[in-house]
Amino acid sequence: MELKRASAAAGPGSPARPARPVRLRVRRALRRLGFWLSVVVIVSPAILVFLWMLSLSLKTEIDNITYPPVFIPSPPTFANFVAVFEQNSIGRYLWNSIVVSGGATLVALLIGVPAGFGIARAGAHKLTVVILIARMTPALSYLIPLFTVFQFLGLNNTLTALVITHLVITVPIVVYIMAGYFETLPKELEEAALIDGGSVWTTFRYVALPLARPGVVVGTILAFIFSWNNFVFGAVLAGRETRTLPVAVYNVLTFEQLAWGPLAAAAIIVTLPVLLLTILIQKEIVVGLTHGGVKGS
Amino acid sequence: MSMTVTPAAPRAGFLARRRRSYRLFIAPALVVIGAVIVFPWLFTLWMSVFDWKIGSAAHFVGLENYETLLVNRRFIEAVVHTFYFTALAVVVPLLLGTAAAMIFHREFPFRGVLRGVFIMPMMATPVAVALVWTMMFHPQQGVLNYLLSLVGLPPSLWVYSPTLVIPSLVMVEVWHWTPLVMLIVLGGLAALPTEPYESARLDGATEWQLFRFITLPLVAPFLVVAAVIRTIDALKTFDTIYVITGGGPGTASETINLYLYLQAFAFYNIGTASAVVVVFFVIVLALALLLLHVREKTKWS
């Protein structure tokens, strides 16, 4: 097919002798064009949805509901962002999200990094099976029991309950990534340290942990992102004051059905930190995700 | 403990002691995993044989919750919707993700940046994404119908049509998760040997033949892993469906997860909801075993 198109482009009128190099050049140019076309086709949906989100958030309400749609805001307005912060106390929900995701990630690191080390060195692979099954269980199924227990303990509507629930997301990610990472580290250094009389703890603290820093970075970022993105835990467990950002953004939808500008602005506020992180440390995220297809509940 | 070690075998004692200390490293995580993950599993199993609404007393009903579920039309329909959604949301990302991986496997200018852009949807907050798609699906002012009009197609009702709602939701899912398939397949492509290609080229094989008879069989294990991961995630989809349609119009897009949410947190039927979880879990477990089996076979991480 490529060949036919190329020869048609070269044309029957071209002289017989030098036709070959011309034809080859045209063929290569066409092939390159086709390749870039496929790049555009495969990448543009990703970027266009985000650009449309940005466009909606920077336009006035009148521009947002005209047909045919306006793409470039003229002039751009930040009124939607101001409105979201003023009317919905987004600042507070932003703080809630930071506390919940930060807290759950911190606890996961404190217990998950040593656990990953222990699993890698003691060969306790049964625990990774538990973690894989946890990865396969729908998030909602954890909510019913935890909701019931929190109600019994009077913890519903508190940030503590949310932090505990988010451990369901963060702990498996950190344990799984760290176990995998410690397994790739050479054992010789640790053995040397043990023979020199170091305890297992000092070996972990001063030999293995410094080497495992890249793994810790990946685990921290992925745990934080998937906790940050979680919606359903907050939707069920949080009260008016303890909503996380995704829950608050969803509520903008239900109360202001047709206010598209503020809606898009709210959507940007919740997802922008994550997108920036993704672009900044793309390589680490790619490594973390391809090794095991980790994803939050 | 070290007292019981006989001096004749000091090395064995040394190793045993070390193993014990490694267990101590795991202990805190075990406690937390037991509390927030294993306890909910057991609790759910226990509650699924009770009739219990929050606020009233629970009483034992045996397997009655399961029996009523299996003859409940709405639940059966939810199962059908789930399978329909899952089938589409696995096959389409797999095809597109493989194509994208073939593209990103080549060297070309701005590859890193473009790959970064391509994986952005995967990391974006699902609720935010769902909100933007809700606006794009709008039949009168949505941008999707405008795009259709540009290529001369009639407007569509998208998620407002009972027949189109699931394919429309799959569009969002495809947009969201094709990058993950791409990354997994890309990892597979990176590990391919070069020799088979060289000899096949010498034999005059076309690009398509190279892909069909060398690349595809070699990345097949990665495709299986991607397929299983995608199946699990598609079965579990909740946020986008809940935000965009809430299971509607009517119950046209109500999946098992949506039905579960209603039973548990709208009607507070904890017993019924727990039985739904168990049935759901059995479905996913079949796939879980498949994943473990495949991982054993490929061992690539």
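Predicted model only: the values in this text are computed from it and were never measured. Chain letters run A, B, ... following the sequence lines, proteins first and then strands; every chain starts at 1.
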If you tally heavy-atom pairs under 4.5 Å against chain B, which of A/Ala120, A/Ala122, A/Ala108 wins? A/Ala122
Which atoms of A/Glu183 come close to chain B, meaning under 4.5 Å heavy atom to heavy atom: side chain ones, backbone ones, both, or neither? neither
Is A/Ser199 in contact with chain B via its backbone, its side chain, both, or neither, using a 4.5 Å heavy-atom distance? neither
Heavy-atom neighbours of A/Trp36 CH2 exceed 12 at 6.0 Å: yes
Could you report the tightest heavy-atom contact between A/Val270 and B/Ala128, atom names first, then the distance? CG1-CB, 3.7 Å
Measure distances from A/Leu245 to the heavy atoms of chain B and classify the residue's part below 4.5 Å as side chain, backbone, both or neither. neither
State whether the number of non-hydrogen atoms from other residues, nucleotides or ligands found under 6.0 Å of B/Arg111 atom CZ is greater than 12. yes
Most chain A-contacting option - heavy-atom pairs closer than 4.5 Å, from B/Thr44, B/Val143, B/Leu260: B/Val143
Search all heavy atoms of A/Ala267 against all heavy atoms of B/Leu131 and return the closest pair with its distance. CB-CD1, 4.5 Å
In this structure, OG1 of A/Thr148 is separated from CE of B/Met47 (nearest 0.5 Å) by 7.5 Å
Taking A/Val41, A/Leu277, A/Val43 one by one, which has the highest count of heavy-atom pairs under 4.5 Å against chain B? A/Val43
Ranked by heavy-atom pairs below 4.5 Å to chain A, first place among B/Val277, B/Val276, B/Asp239, B/Val31 goes to B/Asp239
Which of A/Val274, A/Val174, A/Ile144, A/Leu272 touches chain B most, by non-hydrogen pairs under 4.5 Å: A/Ile144
Note: B/Ile37 and A/Val168 closest approach over all heavy atoms is CD1-O, 4.4 Å
Calculate, to the nearest 0.5 Å, the distance between atoms CD and CG belonging to B/Gln263 and A/Leu140 respectively. 12.5 Å
One pair to check against side chain to side chain contact (heavy atoms under 4.5 Å, CB included): B/Thr125 and A/Trp228. What are the steps and the verdict? CA-CA 8 Å; B/Thr125 311; A/Trp228 180 273; 4.1 Å; yes
Can you tell me which portion of A/Ile225 sits under 4.5 Å from chain B's heavy atoms? Options are side chain, backbone, both or neither. side chain
Answer with side chain, backbone, both or neither: which region of B/Thr237 has an atom nearer than 4.5 Å to a non-hydrogen atom of chain A? neither
Could you please spell out the steps behind the side chain to side chain contact (heavy atoms under 4.5 Å, CB included) verdict for A/Ile131 and B/Ile33? CA-CA 9 Å; A/Ile131 283 165; B/Ile33 288 174; 4.2 Å; yes
Determine the minimum heavy-atom distance between A/Pro145 and B/Phe39, stating which atoms define it. CB-CE2, 4.3 Å
Measure B/Phe238 against the heavy atoms of chain A and call it side chain, backbone, both or neither at under 4.5 Å. side chain
How about B/Val129 and A/Thr271: do any of their side-chain heavy atoms sit closer than 4.5 Å? no
Are the side chains of A/Thr137 and B/Val284 in touch, meaning some heavy atoms are under 4.5 Å apart? no
Is chain B contacted by the side chain of A/Val149, its backbone, both, or neither, given a heavy-atom distance below 4.5 Å? side chain
Sort B/Trp52 into side chain, backbone, both or neither according to what part of it lies under 4.5 angstrom from a heavy atom of chain A. side chain
For B/Leu30, which atoms come within 4.5 Å of any heavy atom of chain A: side chain, backbone, both, or neither? side chain
Would you check if B/Leu24 and A/Trp201 make a side-chain contact, meaning some heavy-atom pair closer than 4.5 Å? no
What are the two closest heavy atoms between A/Leu56 and B/Met135, and how far apart are they? CD1-SD, 3.7 Å
Would you confirm whether A/Trp52, through its side chain, and B/Val132, through its main-chain N or O, come within 3.5 Å as a donor-acceptor pair? no
Between atom CG of A/Leu276 and atom CE of B/Met120, what is the distance when rounded to the nearest 0.5 Å? 9.0 Å
Run B/Phe25 and A/Arg121 through side chain to side chain contact (heavy atoms under 4.5 Å, CB included) and show every step you take. CA-CA 10 Å; B/Phe25 277 80; A/Arg121 293 293 173 261; over 6 Å; no
Could you check whether atom CZ of B/Phe110 has more than 12 heavy atoms from other residues, nucleotides or ligands sitting under 6.0 Å from it? no
What's the separation between atom CE in B/Met102 and atom OG in A/Ser38, rounded to the nearest 0.5 Å? 11.0 Å
Quick one: does A/Leu237's side chain get under 4.5 Å of B/Phe265's, heavy atoms only? no
Passes side chain to side chain contact (heavy atoms under 4.5 Å, CB included), A/Leu48 versus B/Trp175? Steps please. CA-CA 11 Å; A/Leu48 283 178; B/Trp175 179 85; over 6 Å; no
Contacting region of B/Ile256 [heavy-atom separation from chain A under 4.5 Å]: neither
A/Phe117 vs B/Tyr22 aromatic rings, parallel, tilted or perpendicular, using cut-offs 30° and 60°? perpendicular
Once you measure the plane-to-plane angle for B/Tyr268 and A/Phe147, does it fall in the parallel (<30°), tilted (30-60°) or perpendicular (>60°) bin? parallel
Do A/Val232 and B/Tyr242 have side chains that approach each other closer than 4.5 Å (heavy atoms only, starting at C-beta)? no
Kindly give the heavy-atom pair with the smallest separation between B/Lys236 and A/Arg135, and that separation in Å. NZ-O, 2.8 Å
Do A/Phe35 and B/Arg106 have side chains that get closer than 4.5 Å, going by heavy atoms? yes
Which atoms of B/Trp46 come close to chain A, meaning under 4.5 Å heavy atom to heavy atom: side chain ones, backbone ones, both, or neither? neither
Examine whether an atom of B/Tyr261 lies under 4.5 Å from a heavy atom of chain A, and if so say whether it belongs to the side chain, the backbone or both; otherwise answer neither. both
Without swapping roles, check the side chain of A/Asn229 against the backbone of B/Pro126 for a donor-acceptor pair under 3.5 Å. no
When rounded to the nearest 0.5 Å, the distance separating CG of A/Leu222 from CE of B/Met123 is 5.5 Å
With a 4.5 Å cut-off on side-chain heavy atoms, are A/Ser141 and B/Phe280 touching? no
If we define contacts as heavy-atom pairs under 4.5 Å, which of B/Pro179, B/Ala124, B/Pro28 has the most with chain A? B/Ala124
Chain B contact via A/Ile164 - side chain, backbone, both or neither, heavy atoms under 4.5 Å: both
Does the side chain of B/Trp133 come within less than 4.5 Å of A/Val49's, by heavy atoms? yes
From B/Ile119 atom CD1 to A/Leu275 atom CG, the distance as rounded to the nearest 0.5 Å: 10.5 Å
